[in-house]
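Read through the structure below, which is laid out as structure tokens, and then see the notes.
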Amino acid sequence: MAGTKYDIVIEQGACLDIPLTLKDDSNTAYDLRTDQVYLTGVIYRDYDQAVQATFTYSETDAINGVAKMSLSSSDTQAMEPAYSSYDIFLIKSDGCVDRLLYGMATISGTSVPLP
């Protein structure tokens, strides 16, 4: 399965959520209560491929295949405002890996004060 290019902007110190609906090859939503699939993803600097942050995965509507990938405010605060990219992968129960989303990740250098 070919991934979808989707560029994102990340404000340093702000939370980021990317909602996703996970579907199989026949366009049927996965039932995340029973289907053994999960997501993983990272943001990495373009100039040296160093990982800037790792997304966390959570299910928001498991029966309909809805999940989200998130970064906390402390995750985004620690990111360097450098040219970056990201990938989000779906890992299936049979061990196959599909790249769902990829693109540029623009890191805004304006820090948000943390409490």
Side-chain angles (χ1 to χ4, degrees):
M1 173 189 293
T4 300
K5 185 175 187 322
Y6 179 73
D7 296 333
I8 59 176
V9 176
I10 301 168
E11 298 285 335
Q12 279 186 312
C15 295
L16 175 72
D17 291 324
I18 300 175
L20 299 166
T21 300
L22 307 177
K23 296 182 178 185
D24 63 19
D25 293 335
S26 64
N27 207 32
T28 302
Y30 284 106
D31 182 342
L32 300 176
R33 298 170 306 161
T34 57
D35 293 324
Q36 298 298 310
V37 298
Y38 67 95
L39 297 173
T40 187
V42 296
I43 297 174
Y44 51 91
R45 290 189 306 240
D46 290 344
Y47 68 85
D48 65 358
Q49 304 300 301
V51 173
Q52 292 241 61
T54 300
F55 287 99
T56 58
Y57 162 71
S58 61
E59 299 166 0
T60 55
D61 181 3
I63 195 168
N64 293 307
V66 181
K68 69 179 176 178
M69 298 300 284
S70 301
L71 295 173
S72 70
S73 59
S74 60
D75 290 335
T76 63
Q77 184 67 43
M79 296 174 73
E80 177 185 335
Y83 290 107
S84 298
S85 298
Y86 79 100
D87 292 301
I88 295 176
F89 297 96
L90 172 70
I91 302 174
K92 301 177 194 176
S93 59
D94 62 3
C96 290
V97 178
D98 289 338
R99 182 165 75 161
L100 293 180
L101 287 176
Y102 69 95
M104 294 186 324
T106 301
I107 316 302
S108 171
T110 305
S111 295
V112 175
L114 297 176

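Values below: all heavy atoms of this structure, side chains included; hydrogens, waters and symmetry mates excluded. Residue numbers count from 1 along this sequence.
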Inset, instruction - Please answer: with hydrophobic residues joined when any side-chain heavy atoms are less than 4.5 Å apart, are Leu100 and Tyr6 in the same cluster? - result: yes
Legend entry - Set of salt bridge (charged side-chain N to carboxylate O under 4.0 Å, His left out) partners for Asp94, sequence neighbours left out: none
Inset, instruction - Kindly write out the residues that satisfy salt bridge (charged side-chain N to carboxylate O under 4.0 Å, His left out) with Asp46, not counting sequence neighbours, or none if the list is empty. - result: none
Inset, instruction - List the atom of Ser73, the atom of Cys15, and the distance in Å for their closest heavy-atom pair. - result: N-SG, 3.7 Å
Inset, instruction - Group every Ile, Leu, Val, Met, Phe, Trp and Tyr by side-chain heavy-atom contacts under 4.5 Å, then state whether Leu16 and Val66 land in the same group. - result: no
Legend entry - By side-chain hydrogen bond (donor to acceptor under 3.5 Å, both in side chains) - contacts of Tyr57 (at least two apart): Glu59
Legend entry - Trace of the side-chain contact (heavy atoms from CB on, under 4.5 Å) decision for Arg33 with Ile63: CA-CA 6 Å; Arg33 298 170 306 161; Ile63 195 168; 3.3 Å; yes
Inset, instruction - Under the salt bridge (charged side-chain N to carboxylate O under 4.0 Å, His left out) rule, collect the residues that match up with Asp87, sequence neighbours excluded. - result: Arg99
Inset, instruction - For residues Gly13 and Thr76, report the shortest heavy-atom separation together with the two atoms involved. - result: N-OG1, 2.9 Å
Inset, instruction - Please name all residues satisfying side-chain hydrogen bond (donor to acceptor under 3.5 Å, both in side chains) with Thr28, sequence neighbours left out, ordered by chain then number. - result: Ser26
Inset, instruction - For the pair Ile8 and Leu101, evaluate side-chain contact (heavy atoms from CB on, under 4.5 Å) and give the outcome as yes or no after the intermediate values. - result: CA-CA 11 Å; Ile8 59 176; Leu101 287 176; over 6 Å; no
Legend entry - Test item: Thr40 side-chain N/O and Phe89 main-chain N/O as donor-acceptor pair under 3.5 Å: no
Legend entry - Residues that Asp61 engages under salt bridge (charged side-chain N to carboxylate O under 4.0 Å, His left out), provided they are two or more places apart: none
Legend entry - Thr54 versus Asp75, closest heavy-atom pair with distance: O-OD2, 4.5 Å
Legend entry - Joint hydrophobic cluster, Leu90 plus Leu20, side-chain heavy atoms closer than 4.5 Å: yes
Inset, instruction - Answer yes or no: is there a side-chain heavy-atom contact under 4.5 Å between Phe55 and Leu39? - result: no
Inset, instruction - Verify, without hydrogens or angle tests, whether Ser93 (side chain) and Val37 (backbone) share a donor-acceptor contact under 3.5 angstrom. - result: no
Legend entry - Which atom of Gln52 lies closest to which atom of Ser84, heavy atoms considered: NE2-OG, 3.0 Å
Legend entry - Backbone N/O of Gly103 and side chain of Asp7: donor-acceptor pair under 3.5 Å: no
Legend entry - Connected via hydrophobic side-chain network under 4.5 Å: Val9 and Ile18: no
Inset, instruction - With rounding to the nearest 0.5 Å, note down the distance linking CG in Asp17 to NZ in Lys68. - result: 4.0 Å
Legend entry - Straight-line distance of Tyr83 OH to Ile107 CD1, nearest 0.5 Å: 12.5 Å
Legend entry - Derivation and outcome, side-chain contact (heavy atoms from CB on, under 4.5 Å), residues Asp24 and Asp35: CA-CA 10 Å; Asp24 63 19; Asp35 293 324; over 6 Å; no
Inset, instruction - Look at the side-chain heavy atoms of Ile, Leu, Val, Met, Phe, Trp and Tyr, link any pair under 4.5 Å apart, and say whether Met69 and Ile91 land in one connected group. - result: yes
Inset, instruction - Locate the shortest heavy-atom distance separating Ser108 from Glu11; write the atom from each residue and the value. - result: OG-OE1, 3.1 Å
Inset, instruction - Using a 4.5 Å cut-off on heavy atoms from C-beta on, say whether the side chain of Lys5 contacts that of Tyr102. - result: yes
Legend entry - Gln12 (side chain) donor-acceptor with Met79 (main chain) under 3.5 angstrom: yes
